[in-house]
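Every heavy atom of this structure was used, including side-chain atoms; hydrogens, water molecules and symmetry mates were not. Chain identifiers are assigned alphabetically (A, B, ...) following the order of the sequence lines, protein sequences preceding nucleic acid strands; residue numbering begins at 1 within each chain. The shown structure was predicted, so the numbers you read here are calculated from the model rather than taken from an experiment.
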Protein chains: 2
Amino acid sequence: MTGKLTAKGRATRGRIVEGAAEVLRERGVTGTTLDDIMARTRTSKSQLFHYFPAGKDELLLAVARFEADQVIEDQQPHLGRLDSWEAWERWRDVVVERYEAQGDHCPLGSLFFQIGRSTPGARAIVIELMRRWQESLAAGIRALQAAGRLPSDIDVDARAAALLAAIQGGVSILLSTGRSAHLRAALDQGIADLRRTGRAGD
Amino acid sequence: MTGKLTAKGRATRGRIVEGAAEVLRERGVTGTTLDDIMARTRTSKSQLFHYFPAGKDELLLAVARFEADQVIEDQQPHLGRLDSWEAWERWRDVVVERYEAQGDHCPLGSLFFQIGRSTPGARAIVIELMRRWQESLAAGIRALQAAGRLPSDIDVDARAAALLAAIQGGVSILLSTGRSAHLRAALDQGIADLRRTGRAGD
DNA sequence: ACTACAGTGGACCGCCCAGTCCATTCTGTG
DNA sequence: CACAGAATGGACTGGGCGGTCCACTGTAGT
C-alpha cells in the first residue's frame with residue numbers, strides 16, 4: 001500500500017502524521033477533528049483519505065506508531081548504555097525531564113483509549129514498545145552483572161518488569177495529578193533497590 | 001443542589017450513576033451515548049439533564065467519583081489492615097485478582113481522558129484517590145515498623161509512593177497488553193524489596 | 001384538597017464532523 | 001509529447017448525538 005507512493009507522496013504522508021501528532025498532543029484525541037489536522041498540515045480531506053483509506057482510525061494508528069518510536073528515541077542514547085551506575089542515574093534524569101516537560105498529556109495513552117485497546121493493531125504497538133523498553137532495562141542489568149556490580153543470581157526479567165511498571169505508574173500519576181514526585185520516587189527506589197540487591201545478595 | 005432531592009429523586013440519581021458506570025465499562029467513554037445510558041437506566045433525557053444540569057461532563061464526573069470510591073472499597077478490608085507480612089500477601093492477591101477480573105477496560109482512566117485531566121474537578125478526584133491509597137500503604141509500612149518487622153529509619157512516604165506507582169504501572173500495562181505479569185512483578189518485587197530493607201538495614 | 005415544585009416523557013433541533021465524490025492538476029515513464 | 005496514474009482541492013451529505021423545551025404526572029406539606 002505504501003509501495004506506490006512517490007517522493008512527494010511520502011513527504012505528504014509524513015507531514016500528515018507528524019502534524020496530526022502535534023495537534024493531538026495539544027487538543028487531545030477527543031478534541032481533534034480531521035479539519036484541525038487538515039489546517040495544521042495544509043492538506044485537503046481527500047488527501048487524508050488518500051493516504052489513510054480506512055479513515056481516522058487508521059491515521060490515529062499511524063500516529064500511535066510514530067509516538068511509540070518517539071518514546072524510546074527520546075531516552076537514547078542513555079537507555080542503550082546502562083552499563084554503570086552513573087549511566088543509570090543519567091538515564092533516570094532524562095526520563096524525569098522528558099515526562100515533566102511533556103506535562104499533562106499522554107500522546108499514546110489517549111490514542112489507545114480512542115482506538116480501543118482491543119484493536120489488534122493498537123495492542124501490538126504497545127506490546128512491542130513495552131518489550132523493547134523492558135529489554136533495554138534487562139540489558140542494562142545484565143551489563144552491571146557482567147561488570148561485577150551485581151550478583152549473577154538475580155531474576156533479571158522480573159526486576160526489569162517491575163522497574164518498567166514503576167516508570168509507567170509514575171508517568172500515569174504525573175499525567176493525572178501533575179506532580180512528578182511518584183515518578184521520581186519510583187525511579188529512585190527502583191535503582192536503590194537494585195543496588196541493595198547487589199549488597200544484600202552478596 | 002443535591003439537597004432538594006426527594007427519596008425517589010435520590011434513587012433515580014443513584015440508578016443513573018450506577019447504570020452509566022456499567023455502560024461505560026462495557027462500551028468505553030467514546031462509545032457511550034446518552035441514549036445508551038437512558039436505555040440502561042430506564043430514564044428519559046429530561047431526567048439526565050434534571051439531575052446533571054451541566055450535561056454529559058457532569059454525569060461523567062459523578063461516575064468518576066463513584067468509580068474512584070470503588071477502587072479503594074474493592075481492596076478492603078485488606079488495604080486497611082496491612083499489619084503483618086501475611087496481610088500484605090493477602091492484599092497483593094486481592095489486587096491482582098481484582099484487576100485481572102476487570103480485564104482490559106479502565107473505568108477511571110478512560111473517564112479522565114474524556115473529561116480532561118486539567119478539569120479541576122476531575123483532577124481533584126484522582127489526587128484524592130491517590131492520596132488515600134498511598135496513605136493506606138504508608139500506614140501499613142508504619143504498622144510493620146511498630147511491630148518491629150521493619151527498621152524505623154526508612155523513608156515511609158517514598159516507599160509508599162514508589163509502591164503506588166508500581167501498582168499503577170502494572171495496571172496500565174495490564175490494560176494495554178492484557179498480561180498481568182508486570183503487575184505481579186511490581187507487587188512481588190515491591191514487597192520483597194521492603195522485606196529486604198528490613199534485613200539489610202538491620 | 002390545594003398548591004407548589006420535583007419528577008418524568010419524549011418530540012424536536014441543530015451542529016459537528018467523518019466520510020464521499022468528482023473535477024483538476026501534477027509527476028514520472030516510454 | 002502523451003497518457004496513466006498519483007496527488008490535490010473542496011463542495012456536499014448524512015446521521016449521530018448532545019442539548020432544549022414543553023406538557024404531563026407524581027408527591028410532599030399545609
Indicate whether any N or O donor in one side chain lies under 3.5 Å from an N or O acceptor in the other, for B:Gln168 and A:His182.
no
Whole-Å distance separating the [atom1] atom of [X] from the [atom2] atom of [N]:
X: B:Met38; N: D:dG18; atom1: CE; atom2: P; value: 10 Å
X: B:His50; N: D:dG26; atom1: NE2; atom2: P; value: 16 Å
X: A:Arg10; N: D:dT8; atom1: CZ; atom2: P; value: 13 Å
X: A:Phe52; N: D:dA7; atom1: CZ; atom2: C1'; value: 14 Å
X: B:Leu59; N: D:dC17; atom1: CG; atom2: P; value: 16 Å
X: A:Leu5; N: D:dA7; atom1: CG; atom2: C1'; value: 10 Å
X: A:Lys4; N: D:dA4; atom1: NZ; atom2: P; value: 16 Å

Specify the residue among B:Gln47 and A:Ser46 whose closest nucleotide of DNA chain C lies further upstream toward the 5′ end.
B:Gln47
Give every residue pair that meets the side chain to side chain donor-acceptor pair (under 3.5 Å) criterion with at least one member in residues 14-24 of chain A, sequence neighbours excluded.
A:Glu22-A:Arg40
Distances for protein N or O near nucleotides 14-19 of chain C N or O, under 3.5 Å:
residue: C:dA18; atom: OP1; partner: A:Lys56; partner atom: NZ; Å: 3.2
residue: C:dA18; atom: OP2; partner: A:Leu34; partner atom: N; Å: 2.9
residue: C:dA18; atom: N7; partner: A:Lys45; partner atom: NZ; Å: 3.2
residue: C:dG19; atom: OP2; partner: A:Lys56; partner atom: N; Å: 3.0
residue: C:dG19; atom: O6; partner: A:Lys45; partner atom: NZ; Å: 3.3

Treating [X] as the side-chain partner and [Y] as the backbone partner, does any N or O pair qualify as donor plus acceptor under 3.5 Å?
X: B:Thr119; Y: B:Gly121; answer: no
X: B:Gln47; Y: B:Ser44; answer: yes
X: A:Gln75; Y: A:Val71; answer: yes

Identify all pairs in which a protein N or O lies below 3.5 Å from an N or O of nucleotides 26-30 of chain C, and state each distance.
residue: C:dC26; atom: O3'; partner: A:Lys8; partner atom: NZ; Å: 3.3
residue: C:dT27; atom: OP1; partner: A:Lys8; partner atom: NZ; Å: 3.4

According to the interplanar angle, ranging from 0 to 90°, do the rings of B:Trp88 and B:Trp85 count as parallel (below 30°), tilted (30 to 60°) or perpendicular (above 60°)?
tilted
One thing to verify: whether [Y] and [X] come together as a salt bridge, which I'm taking to mean a side-chain N less than 4.0 angstrom from a carboxylate O.
X: A:Arg159; Y: B:Asp193; value: yes
X: A:Glu128; Y: A:Arg65; value: no
X: A:Glu86; Y: A:Arg81; value: no

Is B:Tyr51 close enough to C:dA6 that one of its side-chain N or O atoms is under 4.0 Å from OP1 or OP2 there?
no
Under 4.0 Å between a side-chain N or O of B:Thr12 and OP1 or OP2 of C:dT8?
yes
